[in-house]
Amino acid sequence: MKIAITYENGQIFQHFGHTKQFKIYTVEDGKILSSQIVDTNGSGHGALASFLKEMQADVIICGGIGGGAQTALANAGIKLYGGVVGLCDEAATLFVEGKLQFNPNVKCNHHSHEAGHNCTSHGCGTHKCN
């Protein structure tokens, strides 16, 4: 089994679609055998599901994540554990032990189109609000 965690300076990066790196853990017989940090090479949002599929990830642990990325991960057969904060290594260990606290209903709400929303204000700017 391979676990991928959004990564930034040892911490779980909190915006899946903007992560620049993942820490990938190889797990066998309930033990973490190895880990490596991999660059996304500019992939973002939904394209990250294909990237993770290529890395043979079975599980993704992250902070916030939008609906489109959630759908892409589900279509790729990658199980999502979102809404997680803290250290990557700690989260991987807790997952393997079956003790990881996560939010099964995690949503990234920065793409919502409430009054006063401005796509460029949060750095996305890649979709149209109309």
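Values below: all heavy atoms of this structure, side chains included; hydrogens, waters and symmetry mates excluded.
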CG (Leu100) and CD1 (Ile61) are apart, to the nearest 0.5 Å, by 5.0 Å
Mind checking ring pair (Phe, Tyr, Trp, His ring centres under 6.0 Å) for Phe95 and listing every partner two or more places apart, or none if nothing turns up? Tyr81
Check: Ile65 main-chain N/O paired with Gln70 side-chain donor or acceptor under 3.5 Å: yes
Heavy-atom nearest pair, Ala76 first then Ala49, reads CB-O, 4.3 Å
Straight-line distance of Ile37 CD1 to Glu8 CD, nearest 0.5 Å: 11.5 Å
May I have all residue pairs that pass salt bridge (Lys or Arg N to Asp or Glu O under 4.0 Å) and include part of residues 19-32, sequence neighbours excluded? Lys23-Asp89
Is it possible for you to say whether Phe16 and Val38 belong to one hydrophobic cluster, with membership spreading through side-chain heavy-atom contacts below 4.5 Å? yes
List the residues meeting salt bridge (charged side-chain N to carboxylate O under 4.0 Å, His left out) with Asp58, not counting sequence neighbours, and say none if there are none. none
Any side-chain heavy atom of Phe22 within less than 4.5 Å of one from Ile5? no
Distance col, row Leu33:CG vs Met1:CE, nearest 0.5 angstrom, shows 12.0 Å
Smallest separation among heavy atoms of Phe51 and Asp39, with atom names: CZ-O, 3.2 Å
Answer yes if Tyr7 and Ile24 sit in the same cluster of Ile, Leu, Val, Met, Phe, Trp and Tyr residues linked by side chain heavy atoms under 4.5 Å apart, and no otherwise. no
Give, for atom OG1 of Thr93 and atom OH of Tyr25, the distance between the pair rounded to the nearest 0.5 Å. 7.5 Å
How far apart are the closest heavy atoms of Gly30 and Val96, and which atoms are they? O-CG1, 3.0 Å
If Ile, Leu, Val, Met, Phe, Trp and Tyr residues are connected whenever their side-chain heavy atoms lie under 4.5 Å apart, and connections chain through other members, are Leu48 and Ile12 in the same group? no
Side-chain heavy-atom pair Leu80, Cys62 within 4.5 angstrom cut-off: yes
Would you say that Leu87 contacts Gln11 through its side chain, given a criterion of any heavy-atom pair below 4.5 Å between the two side chains? yes
Backbone N/O of Val84 and side chain of Gln14: donor-acceptor pair under 3.5 Å: yes
Is there a side-chain contact between Leu94 and Glu97 in this structure, where contact means two heavy atoms from C-beta onward sitting under 4.5 Å apart? yes
So, taking the atom named CD1 in Ile78 and the one named CE in Met55, what distance separates them when rounded to the nearest 0.5 Å? 11.0 Å
Could you grab the distance from atom NZ of Lys2 to atom CD of Gln36, nearest 0.5 Å is fine? 6.5 Å
